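Bear in mind that the values here come from a model prediction, so they are computed numbers and not experimental data.
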Amino acid sequence: MGDGEGTLSIALLSGTDDKLNAAALLAVGAAALGRRVDILLQYWALDAFRAGHLTKDHGLAPEAAPDGAAALRRLQAEGRGQHWSAVLAQAKEIGEVSVHACSLSMDAFGLARADLDPIVDDVEGVAAFLLDADGQLVFI
């Protein structure tokens, strides 16, 4: 384990770009601080990690509303911030960050490991994910 205070475990259910971005920012921040990060992709988050889907437009959560969408477009136009998939890739480069596909969600969508983007490290169940969680658990 790094210098941080245990693992940051992120159970990622949402597949909208704003929430995927939030998870990626948490992961890169924790990795930069030396914390191990484990991300479990469930349901709609898993769908965003299908091969060829990372950079698709996944929309925004309903609470973003038009003002939130405009704010994000402004940030992008100003060149501030990167796509969430690039931030997550950076997190994996600087620290111990693992991305796990939930086995139940894989079954629900009829997916095989080969259907996922290579940024996903493996497939595991919720019990295995929780057994490795020795720090904070964040649900997005």
Side-chain angles (χ1 to χ4, degrees):
M1 185 181 332
D3 301 325
E5 298 291 324
T7 302
L8 172 61
S9 300
I10 301 172
L12 185 54
L13 170 72
S14 180
T16 59
D17 284 329
D18 50 342
K19 293 188 179 184
L20 293 164
N21 187 58
L25 288 172
L26 286 172
V28 77
L33 293 173
R35 292 182 66 183
R36 191 176 107 216
V37 179
D38 280 324
I39 301 172
L40 182 66
L41 305 173
Q42 297 180 288
Y43 299 105
W44 296 271
L46 177 62
D47 189 54
F49 283 80
R50 289 183 191 220
H53 284 206
L54 284 189
T55 56
K56 278 181 53 177
D57 181 358
H58 301 286
L60 300 177
E63 61 267 22
D67 288 343
L72 290 177
R73 280 194 304 274
R74 181 178 39 80
L75 285 176
Q76 290 171 345
E78 294 171 359
R80 296 171 55 198
Q82 297 175 299
H83 190 270
W84 64 264
S85 62
V87 174
L88 184 55
Q90 286 175 353
K92 291 179 70 111
E93 288 174 14
I94 65 172
E96 188 180 346
V97 177
S98 299
V99 179
H100 313 280
C102 172
S103 57
L104 181 62
S105 297
M106 294 283 289
D107 290 345
F109 284 120
L111 297 174
R113 174 68 184 92
D115 296 322
L116 302 178
D117 189 89
I119 201 166
V120 178
D121 296 298
D122 57 25
V123 177
E124 73 177 16
V126 171
F129 176 74
L130 291 174
L131 282 173
D132 288 338
D134 65 356
Q136 295 169 306
L137 174 59
V138 176
F139 187 83
I140 300 175

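Annotation for Lys56 and Gly52: closest pair CG-O, 4.1 Å, computed over non-hydrogen atoms. When all heavy atoms are compared, the tightest approach of Val37 to Ala27 is CG2-O, 3.8 Å. In this structure, Gly95 and Ala31 approach most closely via the heavy-atom pair CA-CB, 4.0 Å.
Under the 4.5 Å side-chain heavy-atom criterion for grouping Ile, Leu, Val, Met, Phe, Trp and Tyr, Val126 is not connected to Ile10 through any hydrophobic cluster. In this structure, Phe49 is a member of the same hydrophobic cluster as Val138, with clusters built from ILVMFWY side-chain heavy atoms closer than 4.5 Å. Leu54 and Leu40 are not part of a single hydrophobic cluster, where members link through side-chain heavy atoms under 4.5 Å apart.
Between the side chains of Thr16 and Ser14, at least one donor-acceptor pair of N or O atoms lies under 3.5 Å.
Of the inter-residue distances, the one linking Leu13 atom CG with Ile140 atom CD1 reads 10.5 Å to the nearest 0.5 angstrom. Interatomic distance, Gln42 CD to Phe129 CZ, rounded to the nearest 0.5 Å: 8.0 Å. Put simply, CG on Leu137 and OG1 on Thr7 are 11.0 Å apart, with the number rounded to the nearest 0.5 Å. Here the OG atom belonging to Ser9 is positioned 10.0 Å from the CD1 atom belonging to Ile39, to the nearest 0.5 angstrom. For the atom pair CG (Leu88) and CG (Leu20), the distance works out to 9.5 Å, reported to the nearest 0.5 Å. Taken from CG in Leu26 to CG in Leu8, the straight-line distance is 6.0 Å, to the nearest 0.5 Å.
Under a 3.5 Å cut-off, the side chain of Arg113 and the backbone N or O of Val120 do form a donor-acceptor pair. Checked by atom type and distance alone, the side chain of Arg35 pairs as donor or acceptor with a backbone atom of Gly6 at under 3.5 Å.
With a 4.5 Å cut-off on side-chain heavy atoms, Val97 and Arg36 do not count as touching.
Residue pairs meeting the side-chain hydrogen bond (donor to acceptor under 3.5 Å, both in side chains) criterion with at least one partner in residues 82-95, sequence neighbours excluded, are Asp17-Trp84, Gln82-Gln90, His83-Ser85, Lys92-Asp121.
Other members of the cluster containing Leu25 are Val28, Val87, Ile94, with ILVMFWY side chains joined at under 4.5 Å, either directly or via other members.
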N/O donor to acceptor pairs below 3.5 angstrom from side-chain atoms of residues 99-112, sequence neighbours left out:
| unit_1 | atom_1 | unit_2 | atom_2 | d |
| --- | --- | --- | --- | --- |
| His100 | ND1 | Asp122 | OD1 | 2.5 |
| His100 | ND1 | Asp122 | OD2 | 3.4 |
| His100 | NE2 | Asp38 | OD1 | 3.1 |
| Ser105 | OG | Tyr43 | N | 2.9 |

